[in-house]
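Starting from 1, each residue takes its place in the sequence as its number. In this text, all values refer to a predicted model and were calculated from it rather than measured experimentally. No hydrogens, no waters, no symmetry mates; every other heavy atom, side chains included, goes into these values. When a ligand or atom number is given, it counts from 1 through the structure's own listing order.
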Amino acid sequence: MTLVPLPAFADNYIWMLQDGRHAIVVDPGQAPPVFDALERHGLQLAAILVTHHHADHTGGVAALRDATGAKVFGPASETVPQPCIPLKQGDTAEVLGLRFEVIDIPGHTAGHIAFFLPAGDHGEPIVFCGDTLFSGGCGRLFEGTPAQMLSSLDALARLPGDTRVCCGHEYTLSNLKFAAAVEPGNTELARYRAACEARRARGEPTLPSQLDTETRINPFLRSREASVQQAVLAHARLSAKADEVDVFAALRQWKNDFR
Ligand code: ZN
Ligand code: FE
């Protein structure tokens with residue numbers, strides 16, 4: 001089973017898992033990059049996994065399903081191209097002998113889900129987390145609250161440390177610029193940023209990232225660390241009584257305004 005990101009639009013990734021004969025794709029916002037990959041490798045599309053309803057994650061679903069007969073799995077509480085097998089927290093999706101566990105991760109959208117694949121013959125665990133956790137950052141709160149996003153990121157952070165984090169966008173460098181402003185003293189962050197800059201300079205994706213790395217460099221997974229709290233308190237002039245959700249909300253707002 002191999003895992004590759006197929007670039008789409010300006011900075012989206014459509015993730016593809018394939019075993020040499022069949023493929024699974026995640027969040028196909030466009031159909032052509034998937035058709036190209038299927039043709040290039042001689043693959044049949046078995047399933048499409050959808051993490052949330054945004055068009056840059058679903059725009060290619062109907063064309064791919066109509067052409068291949070692939071099964072579509074998506075969030076139970078969002079409007080996605082039909083027919084779609086609806087999934088929520090605790091459900092599983094079984095495709096090509098793989099068993100994906102569904103985790104509810106609201107915040108970016110109200111019904112956003114993640115697909116978690118435990119370790120197996122394919123190697124380390126994999127999580128497809130859409131626009132919730134990015135390398136060095138997190139998604140914007142279009143439909144959910146800061147409290148929801150914080151608890152969704154907590155749920156993802158509880159996955160095994162060697163989990164490969166497969167995000168929906170190549171936002172890593174701009175996220176890390178912000179992360180460095182929040183934690184200028186984080187030496188692992190500085191090292192990771194240099195490594196990601198080198199990858200981008202070679203035209204390579206920075207993803208998948210590893211969950212262990214994210215917990216050490218991503219300010220949105222570190223909002224309870226003293227270094228991040230102090231930076232947020234100083235930036236947003238929060239009162240000393242601010243709770244962890246207030247701090248997280250101010251951190252997200254800081255990122256929204258950051259250039
Ligand atoms: Zn989105
Ligand atoms: Fe997106």
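- Annotation: angle subtended at the Fe ion (ligand 2) by H169 NE2 and D56 OD2 is 80°, to 10°.
- Taking the N/O/S atoms of D131 in turn, the shortest distance to the Zn ion (ligand 1) belongs to OD2.
- Atoms CG and OG1, from D27 and T51 in turn, are 3.5 Å apart once rounded to the nearest 0.5 Å.
- None of the N, O or S atoms belonging to H57 lies under 2.8 Å away from the Zn ion (ligand 1).
- Screening L117, D19, T92, D121 for a side-chain contact (heavy atoms from CB on, under 4.5 Å) with L98, the sole residue that qualifies is L117.
- Geometry about the Zn ion (ligand 1) gives an angle of 90° between ND1 of H54 and NE2 of H108, rounded in steps of 10 degrees.
- Not a single N/O/S atom of D56, whether from backbone or side chain, sits less than 2.8 Å from the Zn ion (ligand 1).
- Rounded to 10°, the angle that NE2 of H57 and OD2 of D131 form at the Fe ion (ligand 2) is 90°.
- Listed by first and then second residue, the salt bridge (Lys or Arg N to Asp or Glu O under 4.0 Å) pairs involving residues 70-89 are K88-D91 (not counting sequence neighbours).
- Ring to ring, H112 and H54 are not that close: their centroids are 6.0 angstrom or more apart.
- In this structure, F220 and F248 have perpendicular ring planes: the angle between them is above 60°, well past the 30° mark.
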